[in-house]
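Accompanying notes for the structure given below.
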2 protein chains.
Amino acid sequence: MDQRTPVAPPSDILLRRLSHYAELSPAEIGLLEAMPLASQDVGVGTELIVEGRILDTPRLLVSGWACRFRMLPDGRRQIFDFILPGDMYGLCLRPQAIALTTAITLTQAQIADASALWVAIKDRADEFPGLSDACHSTASLEEAYLLNQLVRVGRQTAYERTAHLILEIHDRLSAVGLADGATIPMPLTQETIADALGLSVVHLNRTLQLLRRDHLIESRAGFVKLLQPEQLADVADFHPPVISQKRKSG
Amino acid sequence: MDQRTPVAPPSDILLRRLSHYAELSPAEIGLLEAMPLASQDVGVGTELIVEGRILDTPRLLVSGWACRFRMLPDGRRQIFDFILPGDMYGLCLRPQAIALTTAITLTQAQIADASALWVAIKDRADEFPGLSDACHSTASLEEAYLLNQLVRVGRQTAYERTAHLILEIHDRLSAVGLADGATIPMPLTQETIADALGLSVVHLNRTLQLLRRDHLIESRAGFVKLLQPEQLADVADFHPPVISQKRKSG
DNA sequence: CGATCTTTTGACTCTGATCAACCGGGGTGG
DNA sequence: CCACCCCGGTTGATCAGAGTCAAAAGATCG
């Protein structure tokens with residue numbers, strides 16, 4: 001029944017994630033592990049961020065999926081980005097910033113407080129250079145995803161957009177160890193995906209069928225498998241975001 | 001011939017801009033005025049930011065327009081946002097961040113170095129709280145514009161998008177005193193606007209004609225006039241971004 | 001006064017939206 | 001246990017918004 005990640009301390013997924021972006025010292029790893037292990041369960045549709053409120057309670061999405069979005073008066077919805085397991089939200093590098101969008105959970109989810117991490121990189125950045133770097137990297141990534149989203153929605157065809165989004169999600173889930181090779185969980189309804197891609201549900205459905213018929217993806221009950229990642233990346237013009245200069249050369 | 005802003009020190013436009021977001025102390029105003037008055041002239045198509053390069057040279061666009069964009073391999077272009085007079089660019093609150101997009105000038109432009117401001121808010125934020133606040137606000141605004149852009153392009157019709165963008169630009173130009181009431185300079189070609197709105201030039205042209213026919217705007221040689229701003233805001237569902245809590249109440 | 005760029009117009013196409021109905025599974029309540 | 005219902009996915013038919021192609025008409029600029 002419960003399809004959430006098998007029991008693992010909240011710090012685990014975050015540790016896995018941040019390690020990708022910087023070398024973490026034992027002290028830093030210690031800090032992550034000392035972060036409150038208690039995580040809270042919330043149901044579908046829970047508001048994680050409320051537009052207009054001050055962003056002062058950094059949190060970690062331990063499991064489950066969420067999204068940031070905006071509604072138009074007549075019910076049209078645009079999803080800006082997805083918040084995936086291991087992502088932090090409700091924080092902003094700018095002090096006293098207020099939330100520009102609302103965010104809600106799209107599945108059951110577990111959330112944990114991330115204030116400790118926040119304090120560490122904010123007030124004691126020099127003690128925790130790795131954490132600081134890694135958090136800055138995740139902020140850059142978020143911006144990169146937003147730009148990708150804009151290109152998808154603004155200039156790509158339905159076919160390209162869909163492929164591109166799938167690749168991006170695969171990339172992100174891989175980074176936190178939630179991809180099983182080319183197979184990723186896909187708990188989103190087609191309606192949700194459509195609202196992210198700026199398409200109608202019906203058209204998205206047909207586009208997915210096309211991708212399947214072209215043997216680029218395979219999808220069954222809550223999962224998507226990338227059959228030919230290279231071709232897919234080719235049609236979508238997908239490039240994993242580059243957010244830092246290579247530090248090691250030669 | 002030369003339609004740039006009448007001679008005014010570079011610090012002027014920035015001062016006008018930042019004063020909107022925070023009370024500036026005499027010391028802070030002094031700092032802005034002491035910023036190198038020398039501004040450099042550059043032609044159309046000059047690269048202001050190069051994707052992949054480290055963002056370490058904060059600059060001020062004193063006059064002229066620019067944009068950030070990305071190209072697809074087959075020539076399609078998505079413009080992410082516009083850089084207007086009084087905007088800063090080439091900086092990032094995150095240290096050692098690398099540019100996620102390229103930016104080029106769309107008109108002749110004047111640019112000035114903004115390192116002084118940068119140093120002030122970065123290393124001596126407590127001495128310059130107003131400047132610091134104001135700069136953070138502009139960063140938030142940039143993000144808000146990006147989100148607006150996504151809604152336009154993802155969920156609005158051509159008619160709505162066009163109206164929305166015009167209103168946003170009017171707002172931004174007003175903030176730096178470049179709007180003459182409801183009339184704003186519009187140095188962009190329709191091709192450029194189309195690339196921002198995710199439309200074809202032909203369709204944008206027809207959409208503009210519709211807006212004119214509906215007496216919502218008027219446009220002539222390099223200028224646009226908003227004839228019925230309220231109606232326009234209504235069709236576009238336009239709301240000026242709110243990026244800070246009201247500080248004064250009662 | 002050409003040459004080039006931008007805007008405009010016309011005709012046609014097509015991608016993607018809309019409307020409506022149906023299917024299938026899982027939960028629920030009688 | 002079964003009927004019902006609701007939700008999400010699928011299909012079909014039709015429509016319309018927006019793209020494409022092509023060319024003309026204005027602007028601008030050496």
Side-chain angles (χ1 to χ4, degrees), chain A residues 1-3 43-45 65 72 74-78 106-108 152-165 185-214 217-224 235, chain B residues 1-3 43-45 65 72 74-78 105-108 152-165 185-214 217-224 235-236:
Chain A
M1 242 75 324
D2 188 343
Q3 297 202 354
V44 178
W65 291 33
L72 290 176
D74 65 353
R76 282 173 287 178
R77 174 172 73 159
Q78 178 63 47
L106 298 167
T107 67
Q108 273 214 317
R152 279 194 288 260
V153 147
R155 280 300 184 213
Q156 292 195 299
T157 65
Y159 194 79
E160 294 165 340
R161 296 180 208 193
T162 308
H164 198 282
L165 180 62
M186 178 49 63
L188 305 177
T189 66
Q190 294 188 359
E191 168 126 40
T192 302
I193 303 177
D195 281 348
L197 294 180
L199 298 172
S200 68
V201 207
V202 174
H203 196 62
L204 174 73
N205 181 293
R206 288 178 172 135
T207 304
L208 286 171
Q209 291 180 44
L210 273 188
L211 285 168
R212 285 195 288 256
R213 191 179 42 118
D214 294 346
I217 65 168
E218 199 178 286
S219 68
R220 33 170 242 289
F223 290 87
V224 171
V235 314
Chain B
M1 237 85 314
D2 187 343
Q3 298 202 355
V44 178
W65 291 32
L72 290 176
D74 64 354
R76 281 174 288 178
R77 173 173 73 161
Q78 177 63 47
T105 53
L106 297 167
T107 68
Q108 272 214 318
R152 280 195 287 261
V153 147
R155 280 300 183 210
Q156 293 195 299
T157 65
Y159 194 80
E160 295 166 340
R161 299 181 206 193
T162 308
H164 198 282
L165 179 63
M186 178 49 63
L188 305 177
T189 66
Q190 294 187 1
E191 167 129 39
T192 302
I193 303 178
D195 280 347
L197 294 179
L199 298 171
S200 68
V201 205
V202 174
H203 195 64
L204 174 72
N205 181 291
R206 289 178 171 133
T207 303
L208 286 171
Q209 291 180 45
L210 273 188
L211 285 168
R212 286 196 287 255
R213 194 182 39 127
D214 294 345
I217 65 168
E218 198 177 287
S219 67
R220 33 172 241 289
F223 291 87
V224 171
V235 313

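All chains are named by letter (A, B, ...) in the order of the sequence lines, taking the proteins before the strands, and each is independently numbered beginning at 1. Just so you know, these numbers use all the heavy atoms, side chains as well, and skip hydrogens, waters and symmetry mates. Just so you know, these numbers come straight off a predicted model, no measurement behind them.
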Starting at [atom1] of [X] and ending at [atom2] of [N], how long is that distance when rounded to a whole Å?
| X | N | atom1 | atom2 | answer |
| --- | --- | --- | --- | --- |
| A:Leu210 | C:dG16 | CG | P | 10 Å |
| B:His203 | D:dC21 | NE2 | P | 17 Å |
| B:Gln156 | C:dA17 | CD | P | 15 Å |
| A:Asp74 | C:dT18 | CG | P | 10 Å |
| B:Leu204 | D:dT20 | CG | P | 14 Å |
| B:Arg213 | C:dT8 | CZ | P | 15 Å |
| A:Leu211 | D:dG9 | CG | P | 16 Å |
| B:Glu160 | D:dG17 | CD | C1' | 12 Å |

Polar atom pairs (N or O), protein with nucleotides 19-24 of chain C, under 3.5 Å:
none

State the [atom1]-[atom2] distance between [X] and [Y], to the nearest 0.5 angstrom.
| X | Y | atom1 | atom2 | result |
| --- | --- | --- | --- | --- |
| B:Arg212 | B:Asp214 | CZ | CG | 11.5 Å |
| A:Thr207 | A:Arg161 | OG1 | CZ | 9.0 Å |
| B:Gln78 | B:Leu197 | CD | CG | 8.5 Å |
| B:Arg76 | A:Gln156 | CZ | CD | 6.0 Å |
| B:Leu208 | B:Ile217 | CG | CD1 | 5.0 Å |

Next on the checklist: To the nearest 10°, give me the bend of the helix from C:dC1-D:dG30 to C:dG30-D:dC1, comparing the axes of its five terminal pairs at either end.
Outcome noted: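 What I find for the helix from C:dC1-D:dG30 to C:dG30-D:dC1 is an axis angle of 40°.
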Original post:
Counting only non-hydrogen atoms, which of residues 192-199 of chain A are less than 4.0 Å from DNA chain D?
Top reply: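 Residues of residues 192-199 of chain A that come under 4.0 Å of DNA chain D do not exist, since none gets that close.
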### Message
Could you report the tightest heavy-atom contact between A:Thr157 and A:Glu160, atom names first, then the distance?
### Response
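Minimum heavy-atom separation between A:Thr157 and A:Glu160: N-OE1, 2.9 Å.
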Note to self: For B:Ala196 versus B:Val153, what's the shortest heavy-atom pair and its separation?
What the structure shows: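 In this case the closest contact between B:Ala196 and B:Val153 is O-CG2, 3.7 Å.
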Using the side chain to side chain contact (heavy atoms under 4.5 Å, CB included) criterion, which residues pair with [X]? Sequence neighbours excluded.
| X | value |
| --- | --- |
| B:Leu210 | B:Tyr159, B:Arg213 |
| B:Val202 | B:Ser200, B:Arg206 |
| A:Thr192 | A:Arg77, A:Ile79, A:Phe82, A:Leu106, A:Leu188, A:Thr189 |
| B:Ala194 | B:Leu204 |

**Study point:** Phosphate OP1/OP2 of D:dG9: any A:Gln209 side-chain N/O under 4.0 Å
**Key:**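 No.
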Item to complete: Tell me, please, which residues at least two apart from A:Gln190 pass side-chain hydrogen bond (donor to acceptor under 3.5 Å, both in side chains).
Response: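 Scan of A:Gln190 (side-chain hydrogen bond (donor to acceptor under 3.5 Å, both in side chains), adjacent residues dropped) gives A:Asn205.
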Check your understanding: Taking only residues two or more places apart in sequence, or in another chain, which ones meet B:Glu218 in a side-chain hydrogen bond (donor to acceptor under 3.5 Å, both in side chains)?
Key ->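 Checked B:Glu218 against side-chain hydrogen bond (donor to acceptor under 3.5 Å, both in side chains); zero matches.
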Protein-nucleic acid N or O pairs under 3.5 Å, nucleotides 4-7 of chain C:
unit_1, atom_1, unit_2, atom_2, d
C:dT7, OP2, B:Gln190, N, 2.7

*Sequence-distant partners of A:Arg152, salt bridge (Lys or Arg N to Asp or Glu O under 4.0 Å), two or more places apart*: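 With neighbours one apart ignored, the set is A:Glu168.
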### Message
Need one value for B:Thr207: base, sugar-phosphate or nothing, where a base atom within 4.0 Å counts as base even if backbone is also close, heavy atoms only.
### Response
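Since no nucleic acid heavy atom lies under 4.0 Å of B:Thr207, the category is nothing.
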